[in-house]
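Here the structure is laid out as structure tokens; the discussion comes afterwards.
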Amino acid sequence: QVQLAESGGRWVQAGGSLRLSCVVSGEISRDYTGGWFRQAPGKDREFVSCIRGNGGGTYYADSVKGRFTISRDNAKNTWYLQMDSLKPEDTAVYYCAFHNHRLILSALDDGQNYNNWGQGTQVTVSA
């Protein structure tokens, strides 16, 4: 059974940085897709970023492009979200998401295509 464990969320001032981590355990393939979504109060969950295995590339929502960087460490079964130049509108609960194979491009930003989710970690950015 696949399980995800996130960490790294906390309070930070606008302009600051945070790094979120997501560790996956269980039976996983090497070409899994690791993603990040977020949900702000009163809003729908939205795609933030994802990374595909085996050199499959990284992808970002327009709202975070140029400020956030996703990466992965296959040896540690972990992927990260480095968040720089944070803004108050980045405040949300951030969830990591997992699909055990390389998702096709058209499926990357739809949470319904991810099979497993972390418990969420709160990121609060104050003005």
Side-chain angles (χ1 to χ4, degrees):
Q1 183 176 357
V2 173
Q3 292 186 317
L4 306 181
E6 302 151 329
S7 61
R10 62 177 175 85
W11 176 89
V12 65
Q13 285 190 321
S17 297
L18 284 177
R19 189 175 82 156
L20 306 183
S21 301
C22 184
V23 181
V24 59
S25 60
E27 293 189 17
I28 61 174
S29 69
R30 292 188 62 82
D31 67 345
Y32 70 82
T33 300
W36 291 98
F37 289 74
R38 67 186 181 186
Q39 187 166 22
K43 294 187 177 181
D44 293 334
R45 182 180 64 193
E46 65 174 357
F47 170 78
V48 176
S49 180
C50 71
I51 184 166
R52 301 197 301 175
N54 290 334
T58 58
Y59 304 87
Y60 300 92
D62 289 341
S63 59
V64 306
K65 206 170 290 184
R67 300 187 298 120
F68 291 9
T69 304
I70 192 170
S71 62
R72 66 195 272 167
D73 184 336
N74 288 330
K76 296 181 179 180
N77 290 338
T78 302
W79 64 99
Y80 307 94
L81 186 67
Q82 176 67 39
M83 305 186 292
D84 299 318
S85 301
L86 282 161
K87 304 176 181 180
E89 50 263 45
D90 294 318
T91 295
V93 178
Y94 284 71
Y95 298 90
C96 62
F98 172 87
H99 182 87
N100 207 14
H101 295 286
R102 197 158 82 166
L103 283 170
I104 60 175
L105 293 179
S106 61
L108 294 175
D109 61 354
D110 187 346
Q112 294 186 23
N113 296 315
Y114 292 80
N115 305 116
N116 303 90
W117 292 80
Q119 77 282 1
T121 186
Q122 176 70 48
V123 172
T124 303
V125 184
S126 65

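Note: hydrogens, waters and symmetry copies are ignored here, and every other heavy atom, side chains too, is used. Model, not experiment: these values are computed from the prediction.
In this structure the side chain of Tyr32 reaches within 4.5 angstrom of the side chain of Asn74, judged on heavy atoms. With contacts defined as side-chain heavy-atom distances shorter than 4.5 Å, the pair Arg10/Val123 does not qualify. The side-chain heavy atoms of Tyr95 and Trp36, taken from C-beta on, include no pair separated by under 4.5 Å. Looking at Gln122 and Thr124, their side chains come closer than 4.5 Å, going by heavy atoms from C-beta outward.
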(request) Determine, stepwise, if the pair Trp79 / Val23 fulfils side chain to side chain contact (heavy atoms under 4.5 Å, CB included). (result) CA-CA 7 Å; Trp79 64 99; Val23 181; over 6 Å; no

(message) Run Leu81 and Phe68 through side chain to side chain contact (heavy atoms under 4.5 Å, CB included) and show every step you take.
(response) CA-CA 7 Å; Leu81 186 67; Phe68 291 9; 4.1 Å; yes

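Annotation: ring pair (Phe, Tyr, Trp, His ring centres under 6.0 Å) contacts involving residues 42-64, sequence neighbours excluded, comprise Phe37-Phe47. For the salt bridge (Lys or Arg N to Asp or Glu O under 4.0 Å) condition, the pairs that include at least one residue of residues 79-99, sequence neighbours left out, are Arg38-Asp90, Arg67-Asp90.
When all heavy atoms of Ser126 and Trp11 are compared, the pair lying nearest together is OG-CZ2, 3.1 Å. Closest approach of Gly120 to Val93, counting heavy atoms only: CA-CG1, 3.8 Å. Nearest heavy-atom pair, Lys65 versus Asp62, reported as atom, atom and distance to 0.1 Å: NZ-OD1, 3.1 Å. Between Ser85 and Ser17, the shortest heavy-atom distance links the atoms N-OG, 4.4 Å. Shown here for Leu108 and Tyr114, the closest heavy-atom pair between the two residues is O-OH, 2.7 Å. Scanning all heavy atoms of the two residues, the minimum distance from Ala127 to Ala14 falls at CA-CB, 4.3 Å.
Using modelled atom types, one side-chain atom of Thr121 and one backbone atom of Gly9 make a donor-acceptor pair closer than 3.5 Å. A side-chain donor-acceptor contact under 3.5 Å links Ser29 to the backbone of Asn100. In this structure, the side chain of Glu6 engages the main chain of Cys96 through a donor-acceptor pair within 3.5 Å. In this structure a side-chain-to-backbone donor-acceptor pair under 3.5 Å is missing from Thr69 to Gln82. Checked by atom type and distance alone, the side chain of Arg52 pairs as donor or acceptor with a backbone atom of Leu103 at under 3.5 Å. Checked by atom type and distance alone, the side chain of Thr78 never pairs as donor or acceptor with a backbone atom of Asp73 at under 3.5 Å.
Follow the hydrophobic side-chain contacts under 4.5 Å out from Leu20 and you reach Phe98 in the same cluster. Residue Val64 is grouped with residue Ile51 when hydrophobic side chains (ILVMFWY) are merged at heavy-atom distances under 4.5 angstrom, including chains of intermediate members. Note on Tyr80 and Val24: separate hydrophobic clusters, where clusters join Ile, Leu, Val, Met, Phe, Trp and Tyr whose side-chain heavy atoms are under 4.5 Å apart, directly or indirectly.
Between His99 and the choices Asn116, Asn115, Asp31, the side chain to side chain donor-acceptor pair (under 3.5 Å) rule is met once, by Asn115.
Distance check: Glu46 CD to Ser63 OG gives 5.0 Å after rounding to the nearest 0.5 Å. To the nearest 0.5 Å, the span separating OH on Tyr94 from OG on Ser49 amounts to 11.0 Å. With rounding to the nearest 0.5 Å, the separation of NE2 in His101 from CG in Asn113 is 13.5 Å. Between atom OG of residue Ser21 and atom NZ of residue Lys76 there is a gap of 9.0 Å, rounded to the nearest 0.5 Å.
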